[in-house]
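In what follows, a single structure is set out as structure tokens and then discussed.
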Number of protein chains: 2
Amino acid sequence: MASRAKATILDIAREAGVSKSTVSLVLQGSGLIRPETAVKVRKAIEDVGYVYNRGAANLRKAHSNVIGMVINDLTNPFFAELAVGMERVFQAAGVVPFIANTAENPVRQEEVLKSLMEQGVAGLIVSPARGTTPGTFRRIETAGVPIVFTMRRLPDSRIPVIAPDNHRGSVLAAEHLIRRGHRRLAFFGGSSDLVVYQERLGGFLEACETLGIPNSDRLIVEGETSRKGGMACLETALVVPQPPTAALCFNDAVAFGVMLALRKRGLEAGADFAVVGFDDVAEAEHYSPALTSVAVDTAGLGERAAHVMLKMIQSRTTRAENHIGAVSLVVRESSGPDRNSQVGDAA
Amino acid sequence: MASRAKATILDIAREAGVSKSTVSLVLQGSGLIRPETAVKVRKAIEDVGYVYNRGAANLRKAHSNVIGMVINDLTNPFFAELAVGMERVFQAAGVVPFIANTAENPVRQEEVLKSLMEQGVAGLIVSPARGTTPGTFRRIETAGVPIVFTMRRLPDSRIPVIAPDNHRGSVLAAEHLIRRGHRRLAFFGGSSDLVVYQERLGGFLEACETLGIPNSDRLIVEGETSRKGGMACLETALVVPQPPTAALCFNDAVAFGVMLALRKRGLEAGADFAVVGFDDVAEAEHYSPALTSVAVDTAGLGERAAHVMLKMIQSRTTRAENHIGAVSLVVRESSGPDRNSQVGDAA
DNA sequence: TTGATCTATTGGAACGTTCCATTTATAGCG
DNA sequence: CGCTATAAATGGAACGTTCCAATAGATCAA
């Protein structure tokens with residue numbers, strides 16, 4: 001069975017007794033076709049088991065209907081949530097997003113981008129891998145294919161970015177911890193080659209400055225942005241002479257790691273050590289204790305990125321405004337007051 | 001800037017002073033070309049910022065180099081792990097996998113499949129959405145495009161399946177619980193319209209049968225295959241007259257939900273109630289308490305699926321053997337002995 | 001009737017590749 | 001030198017679509 005030579009528009013034309021042009025018009029839903037003819041053609045399409053060849057079509061058409069989503073870590077549920085938001089918007093616009101994973105590997109990223117370009121994507125939404133070389137997106141830009149960065153950005157680039165207000169998020173989180181009486185604070189996870197890291201750490205430091213936490217009472221531990229990284233950070237932090245009593249984590253994955261490490265030591269997040277995450281993934285709410293985290297409206301960011309992309313495609317431009325999404329602190333159980341402090345500030 | 005008309009193979013030919021055929025040969029790495037010529041051509045390619053048009057090429061070539069991965073729930077980290085295994089294999093074969101999410105929605109799935117087919121994929125690896133209609137893959141099969149199911153299968157279909165030995169996994173897990181002294185067992189999560197569910201539940205029931213757990217001491221609670229679903233299952237289970245003391249969960253997500261619900265009630269998984277998961281996602285090991293789970297060698301299954309797909313493409317067939325992967329029980333902390341039982345069986 | 005206008009349909013030339021059949025250049029041999 | 005064998009490069013047709021300009025058939029106004 002199977003494998004009779006693929007049916008084309010010409011086979012349909014023959015079957016339906018019309019010309020290939022007519023079939024093409026029907027396929028595009030043109031109003032120029034007499035309804036009865038359209039019906040006849042559509043029946044023929046069914047009968048021969050035709051599948052549209054978009055590659056051939058794109059040879060003549062200006063733009064394709066696929067956009068590429070290039071993600072640095074698909075195993076982080078955050079990106080899955082982001083993708084869901086995008087898909088909602090794209091689906092409504094008749095655009096199909098293809099997702100490709102770079103696994104935080106710049107070489108793989110180059111391959112994936114090349115492949116997507118060859119496929120003739122109409123646009124690219126990218127969360128660039130760590131260590132992306134500045135030139136990576138040059139040629140894509142000059143090819144006139146619109147790019148939008150989400151979450152992450154490149155230091156020098158003029159490519160539009162859709163990201164949360166990282167600085168403000170950290171300020172909110174740090175202020176919260178300080179108001180709860182904590183005086184020795186840590187910032188856990190991430191590494192300084194990420195612009196996002198600098199923003200999040202920057203907000204943390206600013207809040208410390210403003211509210212009078214001296215430099216000597218701040219501890220900064222870089223680490224992998226994963227559970228494992230978070231566990232390592234806590235271990236590191238607890239061996240210093242005057243350990244912190246609270247930590248703002250680079251993201252929720254790190255925060256979960258910190259909470260696990262606490263549990264392993266018989267300590268409880270919230271009661272013995274305050275933990276605040278960043279991103280507010282779905283899991284944060286259901287964790288135990290529930291994680292206080294900076295909510296970034298993940299799906300909303302995804303939708304926004306998709307909208308910006310659609311607008312860029314439509315207006316044939318490769319430029320667009322950045323968009324910094326509002327953030328808010330969701331206080332849950334993991335960020336209790338300092339045990340030795342008098343300051344109440346109950347939830 | 002940008003947007004000078006896209007360079008084609010002809011532009012390169014002119015630039016390098018050769019014919020388009022020569023350029024094409026170079027592009028394909030043919031050995032028929034004099035090395036110096038190849039160098040000259042490659043330089044021209046760089047100079048004009050050429051991007052290969054795979055759509056045009058596929059018009060002539062038999063097969064494309066993209067395969068589609070259609071996943072029912074991208075937010076489940078299990079599938080991300082599966083994808084990672086596949087990507088390893090495909091990358092080595094010069095094949096690019098595009099991932100598309102169906103979010104467990106059959107309609108969306110149809111759209112996604114259509115799009116992938118139009119794009120001219122060489123093959124499809126699918127974890128079908130719940131409620132997939134039997135006819136969905138008929139036309140794809142008759143179009144001669146190879147399909148491999150992973151994890152899930154359709155009741156009647158002859159499409160090859162790569163999946164773990166669900167039955168055996170459940171037997172192992174249930175036997176473990178019974179040997180730890182548990183006598184009232186539950187099976188949590190999933191629903192009977194999934195073939196996987198029947199397999200996993202079947203193994204559970206068989207072990208109960210074999211080891212003398214009477215029907216009246218088994219509790220089966222269907223539910224969503226998510227954390228939330230797991231929480232609901234536990235609530236349901238604890239209100240029956242003689243509640244179970246242990247549960248095998250449909251997957252790890254459900255198990256995590258059960259553990260959270262236990263914690264909310266002041267109970268501890270492992271000590272007060274035994275929990276076993278299925279899939280052994282990375283998180284299981286790092287959870288607290290660490291989750292006992294049936295390991296299915298996720299990445300290995302992904303690799304296997306990719307290999308089978310490559311072989312099918314190569315041999316131009318739409319048929320292949322099923323592959324049932326070995327499973328093993330990873331005993332951790334969440335499955336402690338029944339408190340009222342004398343049976344020791346320490347870890 | 002003729003010509004203009006409109007509607008529905010059509011043929012043919014692109015689009016950017018690959019691949020086959022040729023052509024041209026180079027070398028090898030008696 | 002002429003011949004064949006080999007290596008390197010080439011032109012043209014084909015792939016399945018879109019789009020433009022053209023056509024055929026109605027309808028309408030004068």
Side-chain angles (χ1 to χ4, degrees), chain A residues 4-42 44-45 48-66 114-115 117-122 143-144, chain B residues 4-42 44-45 48-66 114-115 117-122 143-144:
Chain A
R4 79 203 97 190
K6 274 193 189 67
T8 80
I9 220 179
L10 283 143
D11 299 313
I12 298 169
R14 197 175 318 117
E15 182 85 6
V18 297
S19 77
K20 62 174 173 38
S21 303
T22 304
V23 177
S24 175
L25 290 179
V26 171
L27 249 17
Q28 293 165 81
S30 161
L32 291 177
I33 300 294
R34 199 154 45 103
E36 312 146 48
T37 310
V39 167
K40 199 170 51 180
V41 170
R42 267 191 274 272
I45 290 178
V48 302
Y50 169 77
V51 339
Y52 184 72
N53 184 333
R54 212 166 276 274
N58 286 343
L59 227 38
R60 296 276 329 197
K61 285 224 285 231
H63 275 300
S64 80
N65 77 142
V66 357
K114 177 152 170 272
S115 219
M117 287 297 288
E118 291 181 358
Q119 224 54 233
V121 293
Chain B
R4 80 200 96 186
K6 274 192 189 65
T8 81
I9 219 179
L10 283 145
D11 299 313
I12 299 169
R14 197 176 317 118
E15 183 84 6
V18 297
S19 79
K20 62 177 174 33
S21 304
T22 304
V23 177
S24 175
L25 265 336
V26 172
L27 248 18
Q28 293 166 80
S30 161
L32 291 177
I33 299 295
R34 198 150 46 101
E36 313 145 45
T37 312
V39 168
K40 198 170 53 178
V41 170
R42 268 191 272 272
I45 289 177
V48 303
Y50 169 75
V51 340
Y52 184 72
N53 184 334
R54 211 166 276 275
N58 286 160
L59 227 37
R60 295 277 328 198
K61 284 223 285 234
H63 275 300
S64 82
N65 79 140
V66 357
K114 179 154 172 271
S115 221
M117 286 297 289
E118 291 180 359
Q119 226 52 235
V121 293

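Hydrogens, waters and symmetry mates are skipped; everything else that's a heavy atom, side chains included, is used. Within every chain, numbering begins at 1; the chains are lettered A, B, ... in the order of the sequence lines, protein sequences first and strands thereafter.
Between Thr37(B) and dA9(D) there is a side-chain N or O to OP1 or OP2 distance below 4.0 Å. Phosphate proximity of dT9(C) to Thr22(A): absent, as no side-chain N or O sits under 4.0 Å from OP1 or OP2. Of the side-chain N and O atoms in Gln28(A), one or more sit less than 4.0 angstrom from OP1 or OP2 of dC19(D). The phosphate of dG11(C) has neither OP1 nor OP2 within less than 4.0 Å of any side-chain N or O from Ser21(A). Checking the phosphate oxygens (OP1, OP2) of dT17(C), no side-chain nitrogen or oxygen of Ser24(B) falls inside 4.0 Å.
Gln119(B) places its CD atom 14 Å from the C1' atom of dG16(D), with the value rounded to the nearest Å. Rounded to a whole Å, the CD1 atom of Ile12(A) is 11 Å from the C1' atom of dG16(D). One can place CG of Asn53(A) at 18 Å from P of dA14(D), the figure rounded to the nearest angstrom. With rounding to whole Å, Leu59(B) atom CG is found 11 Å from dT17(C) atom P. In this structure, the CD1 atom of Ile9(B) is 12 Å from the P atom of dT10(D), given to the nearest Å. Rounded to whole Å, the distance from NZ on Lys6(B) to P on dG16(C) is 9 Å. Going from atom CZ of Arg14(A) over to atom C1' of dT10(C) covers 16 Å, rounded to whole Å. Atom CZ in Arg60(A) sits about 12 Å away from atom C1' in dG16(D), given to the nearest Å.
At the heavy-atom level, Leu27(B) lies nowhere under 4.0 Å from the strands shown.
Heavy-atom minimum distance, Ala13(A) versus Ser19(A): CB-C, 3.7 Å. Across Ser115(A) and Asn65(B), no two heavy atoms sit closer than the pair OG-OD1, 4.5 Å.
The Leu10(B) side chain lies nearest to dT17(C) when the options are dT18(D), dT17(C), dT9(C). Which of dG16(C), dT10(D), dA14(D) sits closest to the side chain of Leu25(B) comes down to dT10(D). Ranking dT18(C), dT17(C), dG16(D) by closeness to the Lys61(B) side chain, first place goes to dT18(C). Relative to the side chain of Lys20(A), the nucleotides dT17(C), dA13(C), dG16(D) differ in distance, and dA13(C) lies closest.
Judged by distance alone, the side chain of Asp11(A) and the main-chain N or O of Thr8(A) form a donor-acceptor pair under 3.5 Å.
With hydrogens and angles left out, the side chain of Arg34(A) and the base of dA8(C) share no donor-acceptor pair within 3.5 Å.
Taking 4.0 Å as the cut-off between side-chain N and carboxylate O, Glu36(B) and Lys40(B) do not count as a salt-bridged pair.
When each of Ile9(A), Val18(A), Leu25(A) is paired with Val41(A), the side-chain contact (heavy atoms from CB on, under 4.5 Å) condition holds for Val18(A) and for no other.
Both Ala56(B) and Ile33(B) lie close to DNA chain D; mapped to their nearest nucleotides by heavy-atom distance, the more 5′-ward contact belongs to Ile33(B).
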